[in-house]
Amino acid sequence: MSKIRLCQRILLLSLFFLSVVAPLVFVSHRLNLLTLLGRREFLEDLYRATYRGDTLKLNAVEQEGADGLEEPNQVVYTEKDFASTISYYSEKNNDFKESGIAGYRTTTLERNVSGFNPDKGQRQGAQQNELSFMAQGRNIHDSQRMSEKNIQVTNKKVQEIKDQVILAKAYLKIAPPSSNLRLRDLEQLTREMELAVGEATQDSDLSTSALQKMRHMEASLSKVYRAFPDCSALGAKLHTMLRQAEEQVRSQRHQATYLVHLAARTAPKGLHCLSMRLTAEYFALRPEERKLPNENKIYHPDLYHYAVFSDNVLACAAVVNSTISTAKEQEKLVFHVLTKSLNLPAISMWFLINPPAKATVHILSIDNFEWSSKYNTYQENNSSYPRFTSELNYLHFYLPDIFPALNKIVLLDHDVVVQQDLSELWNINMKGNVIGAVGTCQEGKIPFYRIDMFINLSDPLIGKRFDANACTWAFGMNLFDLQQWRRHNLTAVYQNYVQMGLWNIGSLPLGWLTFYNKTELLDRQWHVLGLGYSSDVDRNEIEQASVIHYDGLRKPWLDIAMGRYKSYWTKFLNFDNIFLQQCNLQA
């Protein structure tokens, strides 16, 4: 009886064990099987999609149809070809990890190389994929981080598509009229490619359809190339297109140059508004209220005198403000602003409402010089370049007559900014020379000039007097010894060159001739040029310079100014001024 009961207990326990454990084993096995099959199906679907896209690459085209382009023959790709496509899919699907890709690549390679044994390939591929995904399950977060690190952002495909579009357009343009039907598909495909690439900048931005269209385009271009066996005819057409493109570029450059010159010669609306408002305010004052202070210092020979020739209110303000802000002895500064009578009220009014601290400002009208009648100071001409048409530029050569009581003076162009104290400039030993200037004859530096770039030295009257290798120099910040100038009578020398017809070469080359062998070259740190036309001026040189010069057409007060340098000029102007705000003048 006890044995029967024992057997019954064992039977009951066995049944209980089977009822509990068997479902668990069955479910576990079922899940593993589903996982295996699901991964295999996913990879096979991915392979088929990729295979269909990659096999669109052209191997050979046997015949051309009359109604359009035929489909290309399919070819089997190698590991390198599939690697690029798999890389694309890995970027689009972060969950398709590096280990899974390796298994998939092995499977596809076996299909390509060994003739594709379905059973063997599927078994090996499934085993490798299953192992890969099991490894991922152990630490999915670490796998994601590794995948993101391994993804490399490239734009190779994007560039290939853009190159294909350019080449297709070239073929469409040079194709003979008889090939319109043949190229119809290429034209349509070109439009589709442009839409497909859109604004993509990386390969990961491209869709699968874009990659497929890229391969279609490659096949189409290959067929079109076969339609042009005569390379000489194709080269001639391309050469014609090149000449036309070069002519268009020259035309556009000429137009751009003209517009830049026009912008440089045209007063901005805001500056015109400012002049009008200041002029109106000036004439609203009583005569005794129009006088600037410190008139007793105007011709004091022991002070630091600066001459500024300008018809621009803001330009004068920037020069004066920057010089004063860096000066150690502001009370010794005297600024002589020379302008036309039309601009004198506006400039005078500006300094009346914006007094220059302890410095002195003296405004002169060039139309009131009594001595000018004995000289032919200016030649009218039809040049479109400002340096040939501005009378203010040529008055530089009459400084001893303008300031008969002074022995030294510093000339500052109205497009400069002073960044350091200039008092040491007055202590430079001129060694009997008339003008102190920074040289422009060093190759590789900005600017670089030679005398023969501007002056025809083949003229015997000129060539025998001057050395073509003599160092040139720059106007803009110059120290003049007026006593030596008078002793050498250099104004008469200048007049002789004007009478010889050399006035049309510009004021700078005339200065080289007039002050030839009478120039003291200064250290380049005193005067850095090029901020009005060159984007290559060294930033360190700008920061260390005593004076920076916006020579060229792109002045800092114009809309065409070079933005990287403009702040050096605007920081010396108060754009909260009521007149600047009313005229919408901003930094």
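Here the structure is a predicted model, which is why all the values come from computation and not from measurement.
Within 6.0 Å of NZ on Lys571 lie more than 12 heavy atoms contributed by other residues, nucleotides or ligands. Summarising the local packing, CG of Asp163 is surrounded by more than 12 heavy atoms from other residues, nucleotides or ligands at distances under 6.0 Å. Residue Leu342 qualifies as open at atom CG: its count of foreign heavy atoms under 6.0 Å is 12 or below. Around the OH atom of Tyr258, the shell of radius 6.0 Å holds no more than 12 heavy atoms that belong to other residues, nucleotides or ligands.
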Begin from the C-alpha positions of His396 and Phe475 and carry the test ring pair (Phe, Tyr, Trp, His ring centres under 6.0 Å) through to its verdict.
-> CA-CA 10 Å; His396 297 167; Phe475 272 135; 5.4 Å; yes
Please test Phe454 against Trp512 for ring pair (Phe, Tyr, Trp, His ring centres under 6.0 Å), starting from the C-alpha separation and ending with a verdict.
-> CA-CA 10 Å; Phe454 298 86; Trp512 297 340; 5.4 Å; yes
Output, in order, the C-alpha distance, side-chain angles, deciding distance and verdict of salt bridge (Lys or Arg N to Asp or Glu O under 4.0 Å) for Glu247 and Arg250.
-> CA-CA 5 Å; Glu247 183 60 32; Arg250 281 194 294 269; 2.7 Å; yes
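Ring geometry for Trp426 against Tyr304 counts as parallel: the plane angle stays under 30°, on a 0 to 90° scale with 60° as the upper cut. The aromatic rings of Phe515 and Phe397 sit parallel, their planes meeting at an angle under 30°, below the 60° perpendicular limit. In this structure, Trp485 and Phe480 have tilted ring planes: the angle between them lies in the 30° to 60° band.
The shortest non-hydrogen separation linking Gln582 to Cys273 is O-SG, 4.5 Å. Pairing each heavy atom of Ala357 with each of Ile324, the nearest pair is CB-CG2, 4.2 Å. Looking at every heavy atom in both residues, Trp557 comes nearest to Ala315 through CZ3-CB, 3.7 Å. The shortest non-hydrogen separation linking Val416 to Asp413 is CG2-O, 3.1 Å. Residues Ala346 and Leu278 approach most closely at O-CD1, 3.6 Å, considering heavy atoms. Here the shortest heavy-atom pairing between Leu508 and Trp473 reads CD1-O, 3.5 Å.
For the side chain to side chain contact (heavy atoms under 4.5 Å, CB included) with Val410, the qualifying choice from Leu425, Thr323, Val308 is Leu425, the only one to do so. For the ring-ring contact (aromatic ring centres under 6.0 Å, His included) with Phe403, the qualifying choice from His336, His300, His305 is His336, the only one to do so.
Leu585 CG to Cys583 SG: the interatomic distance, rounded to the nearest 0.5 Å, is 6.0 Å. Rounding to the nearest 0.5 Å places CG of Leu364 at 11.0 Å from CD1 of Ile347. One finds the CD1 atom of Ile363 at 12.5 Å from the CE atom of Met349 (value rounded to the nearest 0.5 Å). In this structure, CG on Leu411 lies 8.0 Å from CD1 on Ile435, to the nearest 0.5 angstrom.
No side-chain donor from either of Ser310 and Asn312 sits under 3.5 Å from a side-chain acceptor of the other.
Remark: Lys340 does not engage Asp311 in a salt bridge, criterion side-chain N to carboxylate O under 4.0 Å. Arg243 has no carboxylate O lying under 4.0 Å from a charged side-chain N of Glu246, or vice versa, which leaves the two without a salt bridge.
Centroid-to-centroid, the aromatic rings of Tyr550 and Tyr568 stay 6.0 Å apart or farther.
Considering only heavy atoms from C-beta on, Asn354 stays 4.5 Å or farther from Asn574 through its side chain.
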